[in-house]
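Residues take their numbers from the sequence shown, with the count starting at 1.
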Amino acid sequence: MSFIAIDFETANSQRGSVCAVGLARVVNGEIVERASWLIKPPSGIDHFEPRNVSIHGIRAQDVVTARDWETSLASIFRFADGGRFVAYNAKFDASVMRAATDATGIDLPQHEFYCALELAQGHLDLPRHRLNDVTDHLNLPPFEHHEAGADAIACASVVLAIARMGQLQSVAEMWTTPLGAKKTKRLDSSKARTPAGGQINYTTERSLRLADLPQPNSSADSQHPFFGHTFCFTGDLQSFSRLEAMAAVADYGATNRQGVTKKTSYVVIGRSDAGHSASVGDLGASNKERKALDYIAGGQHITVLGEREFMQLLTGTGATAFVDSSDLPSTKPMAAAMTTASRTASATNGVEKLPEEPRWLVVLKRVLGLK
C-alpha cells in the first residue's frame with residue numbers, strides 16, 4: 001500500500017488561491033515522510049478572506065516570503081515521485097491544483113487522485129464523515145484540523161486504518177478508478193478533432209498531457225528561427241488547429257508547452273483574423289498572455305507573434321506570405337516549408353516514394369495555394 005496523501009488550504013473562495021500544502025508519503029503501509037509549507041497564492045487571486053483565515057489561521061503577511069505556486073508544484077511532484085495522490089475530499093484538492101496551475105499559466109503534469117472521503121463513506125456507517133469525525137471513530141491520534149501537514153497525516157492514517165479493517169493491500173483494491181475516470185464521456189467521433197499525425201488520442205488540446213504534446217525533432221535544421229526555442233500558443237489560429245501548429249514548430253526543433261513558463265521564448269496569439277500581426281501590446285486577453293506580460297516585465301525575453309508573423313517564420317517567406325494565394329509563386333515557399341522527413345525519399349521495389357507528409361504541412365500547402 002503506497003501513495004501520497006495531500007491537503008491544500010486556500011486564501012479565499014477561489015479554488016486557485018492556494019496558500020498551503022501538506023504531504024505524507026506512504027510506502028508499504030507505513031507513513032515514512034511528511035512535508036508542508038506555506039504558498040504565495042497566484043497573482044490576482046491572492047487576497048485573504050476573513051472566513052478562510054478563521055479556518056486555517058494563515059494571513060497575507062504569513063506568505064510574503066513563501067514560495068510561489070510554480071515552485072511549489074515542482075516540489076510537490078518531486079515529493080510524489082510518480083506516486084498516486086490521495087486526499088480527503090479529493091474533488092476539492094484536485095480542483096485547487098488545477099485552478100492554481102491554470103491561474104499561473106504553467107503545465108500540470110500527469111497524475112491520479114483518489115478520494116479518502118468516498119472511501120470512508122463506503123466503509124464506515126457514521127452520521128457524518130468529516131475528517132475529525134472519522135479519525136475519532138477509528139481511534140486515531142488527535143490532530144490540528146486545517147493545518148495542511150496535519151490533515152495530510154490524518155488522511156493517510158484513515159486510509160491505512162480502513163485498509164487494515166478490510167485486509168486490503170493496494171490502492172487498486174481500495175479504489176477501482178481514480179477521481180473523475182468514471183465520468184469520462186465518449187464523444188461523437190464526427191465531432192472530434194483529429195490531431196496532427198493522428199498520434200494523440202485526445203479530442204481537445206486542453207486535455208493533452210505534457211508528454212503527449214508534439215516533441216521536438218532533434219535532427220531539424222539548427223539554423224531555423226524556431227530550433228531550440230519553447231512555444232506557447234494562445235487563442236484560436238485560423239490556418240491550423242492548435243495541435244497542427246504545435247506539430248509544425250516541433251518539426252523544426254521547438255519545444256511545446258501548454259502554458260507560459262520561465263523557459264518560454266515565443267508566444268503565438270491566435271485571433272479571428274489569420275493576417276493578424278501581434279506585439280507585446282496585444283498581450284493581456286488570457287491568463288497565458290498576462291503571465292507572459294509578468295515574465296517580460298521581469299526581464300525575460302519573449303517574442304510575441306501573430307498568425308501572420310508565425311506563418312512567415314514557419315515558411316521562411318517575407319511579407320508576401322499572406323497575400324492572396326493566387327499571387328503566390330507555385331513552388332518557392334515550399335523550399336523552406338518542407339521538413340527533413342518530407343525531403344527524404346524512401347525506395348520501394350526500386351521506385352522512389354516520398355513519405356506521407358505531416359498534417360500541418362498539408363494544411364500549410366492548402367492555405368498558401370500550393371501543390
Side-chain angles (χ1 to χ4, degrees), residues 16 42-44 70 101-108 193 195-196 200 202 204-208 210 213-214 216 224-325 333 336-337 359-361 363-364 366-368:
S43 177
E70 184 173 357
T101 303
D102 285 346
T104 312
I106 58 178
D107 296 307
L108 182 58
R193 297 180 67 179
I200 302 172
Y202 292 87
T204 63
E205 291 90 341
R206 184 174 177 82
S207 68
L208 288 174
L210 183 61
L213 298 179
H224 193 278
F226 292 169
F227 186 87
H229 288 279
T230 299
F231 270 74
C232 176
F233 292 88
T234 181
D236 294 323
L237 297 172
Q238 303 306 302
S239 305
F240 292 137
S241 73
R242 181 78 60 82
L243 287 178
E244 288 164 351
M246 286 181 172
V249 299
D251 208 26
Y252 282 115
T255 297
N256 286 291
R257 290 291 181 266
Q258 292 281 46
V260 178
T261 72
K262 294 177 180 178
K263 295 182 180 180
T264 301
S265 44
Y266 281 100
V267 170
V268 181
I269 302 175
R271 295 289 189 262
S272 59
D273 176 15
H276 173 251
S277 295
S279 64
V280 173
D282 292 290
L283 294 173
S286 67
N287 285 333
K288 291 180 182 180
E289 293 177 28
R290 288 189 287 273
K291 186 66 176 179
L293 279 174
D294 290 341
Y295 278 128
I296 291 171
Q300 181 171 330
H301 179 71
I302 297 178
T303 300
V304 180
L305 303 175
E307 190 162 349
R308 179 186 181 90
E309 296 95 349
F310 173 66
M311 293 287 282
Q312 289 170 356
L313 286 174
L314 184 66
T315 61
T317 60
T320 59
F322 247 96
V323 299
D324 185 84
S325 60
R359 171 66 179 165
W360 71 264
L361 184 54
V363 173
L364 180 62
R366 185 175 69 244
V367 170
L368 296 177

Side chains of [X] and [Y]: does their closest heavy-atom pair fall under 4.5 Å?
X      : Y      : answer
Met246 : Gln258 : yes
Phe226 : Asp251 : no
Val249 : Tyr266 : no
Thr264 : Gln300 : yes

So, for [X] and [Y], which heavy atoms are closest and what is the spacing to 0.1 Å?
X      : Y      : value
Cys232 : Lys288 : SG-CD, 3.7 Å
Pro42  : Gly16  : CD-O, 3.2 Å
Leu313 : Pro225 : CD2-CG, 4.1 Å
Leu243 : Pro214 : O-CG, 4.2 Å
Gly253 : Phe227 : CA-CD1, 3.8 Å

Please check if the side chain of [X] supplies one atom and the backbone of [Y] the other of a donor-acceptor pair under 3.5 Å.
X      : Y      : result
Arg242 : Gly235 : yes
Asp107 : Arg257 : no
Glu307 : Gln238 : yes

Quick one: [atom1] on [X] to [atom2] on [Y], what's the gap to the nearest 0.5 Å?
X      : Y      : atom1 : atom2 : answer
Thr303 : Ile296 : OG1   : CD1   : 8.5 Å
Glu289 : Thr234 : CD    : OG1   : 4.5 Å
Tyr252 : Phe231 : OH    : CZ    : 11.5 Å
Gln312 : Leu305 : CD    : CG    : 9.5 Å

Residue list, side-chain hydrogen bond (donor to acceptor under 3.5 Å, both in side chains) with Thr101, at least two apart or on another chain: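 side-chain hydrogen bond (donor to acceptor under 3.5 Å, both in side chains) check on Thr101 returns Trp69.
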Which residues satisfy the side-chain hydrogen bond (donor to acceptor under 3.5 Å, both in side chains) test with Thr261, sequence neighbours excluded?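 Thr261: no side-chain hydrogen bond (donor to acceptor under 3.5 Å, both in side chains) contacts found.
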Applying side chain to side chain contact (heavy atoms under 4.5 Å, CB included), name anything that partners [X], two or more places apart in sequence or on another chain.
X      : value
Ser43  : none
Asp282 : Ile269, His276, Ala278, Ser279
Leu293 : Val280, Leu283

Tyr295: partners by ring pair (Phe, Tyr, Trp, His ring centres under 6.0 Å), with sequence neighbours left out: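 Ring pair (Phe, Tyr, Trp, His ring centres under 6.0 Å) check on Tyr295 returns nothing, list empty.
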